[in-house]
Amino acid sequence: MDTVLITGGTGLVGRALTKLLTDIGYKVIILSRRNSDGNTDNELISYAHWDVARQTIDEAAIQQADYIVHLAGANVGDKRWTAARKKEILNSRVQSAGLLFDALSKYPNKVKKVISASAIGYYGENKSGPAFTENDPPAGDFLGNTCVAWENSILKMRELQKKVVILRTGIALNLAGGAMKEFYKPLQFGFATILGNGEQYVSWIHLHDLARIYLSTIVNHELEGIYNAAAPHPVQNKELVMTMAQEAKGRSFLPVYVPTFALKLALGEMSIEVLKSCRVSSLKIQETGFVFSYPDIRGAMENIFQEDK
């Protein structure tokens with residue numbers, strides 16, 4: 001079976017993808033800069049060292065890989081967007097892709113395809129009208145510019161005759177991490193917190209479906225290019241939060257609206273993203289034959305909370 005080299009493999013998406021791949025027999029090498037990450041009882045999983053700051057990478061890992069999945073990058077929602085944090089968010093994506101490019105240029109390898117995360121932050125706002133498709137132009141804001149630089153750093157792999165897939169990902173839903181973990185925290189105290197007026201659209205995807213899309217890019221050798229990785233039915237923030245609350249708590253919760261001004265005070269520039277309405281189309285990935293297990297928010301939340309019980 002082939003070997004998949006994953007950057008960012010210890011994150012939410014990386015863990016889900018690693019399990020999916022190893023369950024069907026793929027070997028997985030996880031690039032990590034911490035030696036403590038390298039403990040596993042699964043003989044199909046191994047760890048290799050890289051250090052983006054020092055621009056060093058394990059040569060053997062590159063030479064063993066048939067596919068590279070690039071998920072590494074500083075978490076956009078972890079901290080306020082100071083100038084230093086913005087630089088870190090951008091550099092963590094572009095410099096890590098640059099390190100992969102240099103390694104693929106330098107070392108003999110058999111890599112067939114490079115598959116990378118991007119984000120729907122590429123797009124601007126669409127409160128009405130058609131959902132964004134992969135052909136729409138980028139937003140001119142921080143996240144839009146970051147996604148453009150991120151994607152360009154991956155598309156450069158084509159110069160090495162590598163196939164490239166880029167997945168512009170919506171909010172990945174899973175209680176173990178990401179935005180949903182933050183949405184869920186107030187629910188533990190009985191509060192369903194709706195952001196702003198709650199009418200902004202959210203393009204989301206169940207974590208299981210996201211991992212399956214990554215798998216499909218590996219299994220389907222013909223699949224390449226840029227795709228939106230988001231469920232077919234975006235929902236308003238208030239519907240997402242209320243559906244989550246109903247599945248988690250039944251009727252034992254109180255909806256609370258968090259005013260826009262409070263979000264701006266708490267989050268600064270990042271508040272633009274949580275208040276932005278962004279609906280993206282999933283048609284292109286569906287036309288490759290991919291079928292979503294969780295196309296609607298109710299089914300997704302039912303599954304997430306069944307697994308949690």
Apply the hydrophobic cluster definition, ILVMFWY joined by side-chain contacts under 4.5 Å directly or through others, and give me every member besides [X].
X: V291; value: none
X: Y201; value: none
X: W50; value: L5, I29, L31, V52, I57, I62, I68, L99, L100, F101, L104, Y107, V111, V114, I154, L155, M157, L160, V164, I166, I226

Taking atom [atom1] as the centre, does [X] end up with more than 12 heavy-atom neighbours from other residues, nucleotides or ligands that are less than 6.0 angstrom away?
X: K110; atom1: NZ; answer: yes
X: K163; atom1: NZ; answer: yes
X: E43; atom1: CD; answer: no

Write down the atom of [X], the atom of [Y], and the distance for their closest heavy-atom approach.
X: W204; Y: P295; answer: CZ2-O, 3.8 Å
X: G178; Y: L12; answer: N-CD2, 4.2 Å
X: E134; Y: S281; answer: OE2-O, 4.1 Å
X: I45; Y: Y47; answer: CG2-CE1, 4.0 Å
X: A230; Y: S282; answer: O-CB, 3.2 Å
X: I205; Y: A231; answer: CB-N, 4.1 Å

Between [X] and [Y], is there shared hydrophobic-cluster membership here, with clusters defined by ILVMFWY side-chain heavy atoms closer than 4.5 Å?
X: W150; Y: L90; answer: no
X: M270; Y: F142; answer: yes
X: M244; Y: L254; answer: no
X: L283; Y: I213; answer: no

Are the side chains of [X] and [Y] in touch, meaning some heavy atoms are under 4.5 Å apart?
X: K185; Y: E182; value: yes
X: R85; Y: R80; value: no
X: F292; Y: I285; value: yes
X: H206; Y: S293; value: no
X: Y26; Y: I218; value: yes
X: D2; Y: K27; value: no
X: V241; Y: T243; value: no
X: L207; Y: L173; value: no

I need the full list of salt bridge (Lys or Arg N to Asp or Glu O under 4.0 Å) pairs touching residues 8-22, with sequence neighbours left out, sorted by first then second residue.
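Found K19-D23.
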
_Once salt bridge (Lys or Arg N to Asp or Glu O under 4.0 Å) is applied, what residue pairs with a partner in residues 248-262 remain, sequence neighbours excluded?_
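Every candidate salt bridge (Lys or Arg N to Asp or Glu O under 4.0 Å) pair involving residues 248-262 fails, so no pair, neighbours aside, qualifies.
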
Measuring from atom [atom1] of [X] to atom [atom2] of [Y], what distance do you get when rounded to the nearest 0.5 angstrom?
X: T260; Y: L265; atom1: OG1; atom2: CG; answer: 11.0 Å
X: I24; Y: L44; atom1: CD1; atom2: CG; answer: 11.0 Å
X: L240; Y: F183; atom1: CG; atom2: CZ; answer: 6.0 Å
X: R93; Y: S116; atom1: CZ; atom2: OG; answer: 9.5 Å
X: N237; Y: Y257; atom1: CG; atom2: OH; answer: 9.0 Å
X: I30; Y: I6; atom1: CD1; atom2: CD1; answer: 6.0 Å

Please confirm whether the backbone N or O of [Y] pairs with a side-chain atom of [X], one donor and one acceptor, at under 3.5 Å?
X: T7; Y: A72; value: yes
X: S92; Y: G73; value: no
X: N145; Y: D141; value: yes
X: T169; Y: L167; value: yes
X: Q200; Y: V274; value: yes
X: K113; Y: E222; value: no

Side chains of [X] and [Y]: is there a donor and an acceptor less than 3.5 Å apart?
X: E59; Y: Q63; answer: yes
X: N109; Y: K162; answer: yes
X: S96; Y: H70; answer: yes

Check residues 118-129 and write down every donor-acceptor pair under 3.5 Å in which the side-chain atom is one partner and the other belongs to a residue at least two apart or another chain.
from	atom 1	to	atom 2	distance (Å)
S118	OG	E151	OE2	2.8
Y123	OH	T133	O	3.3
Y123	OH	R168	NH1	2.9
Y123	OH	N228	OD1	2.7
E125	OE2	S277	N	3.0
N126	OD1	R279	N	2.9
N126	ND2	P130	O	3.4
N126	ND2	R279	O	2.9

key: Cation-pi geometry met for K284 and Y227 (6.0 Å, 45°)   =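 Judged by the rule (NZ or CZ under 6.0 Å from the ring centre, within 45° of its axis), K284 counts as positioned above Y227.
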
Candidate pair L143 and W81, rule side-chain contact (heavy atoms from CB on, under 4.5 Å), full reasoning:
CA-CA 11 Å; L143 277 192; W81 289 354; 3.8 Å; yes

Q) Yes or no on side-chain contact (heavy atoms from CB on, under 4.5 Å) for F290 and N220, after CA distance, side-chain angles and deciding distance? A) CA-CA 10 Å; F290 183 83; N220 183 346; over 6 Å; no

* What's the verdict on side-chain contact (heavy atoms from CB on, under 4.5 Å) for D296 and M301, showing C-alpha distance, side-chain angles and the deciding distance? -> CA-CA 9 Å; D296 64 86; M301 289 296 182; over 6 Å; no

Practice problem: Check the pair L175 / F305 against side-chain contact (heavy atoms from CB on, under 4.5 Å), numbers first and verdict last. | Solution: CA-CA 8 Å; L175 275 179; F305 287 102; 3.7 Å; yes

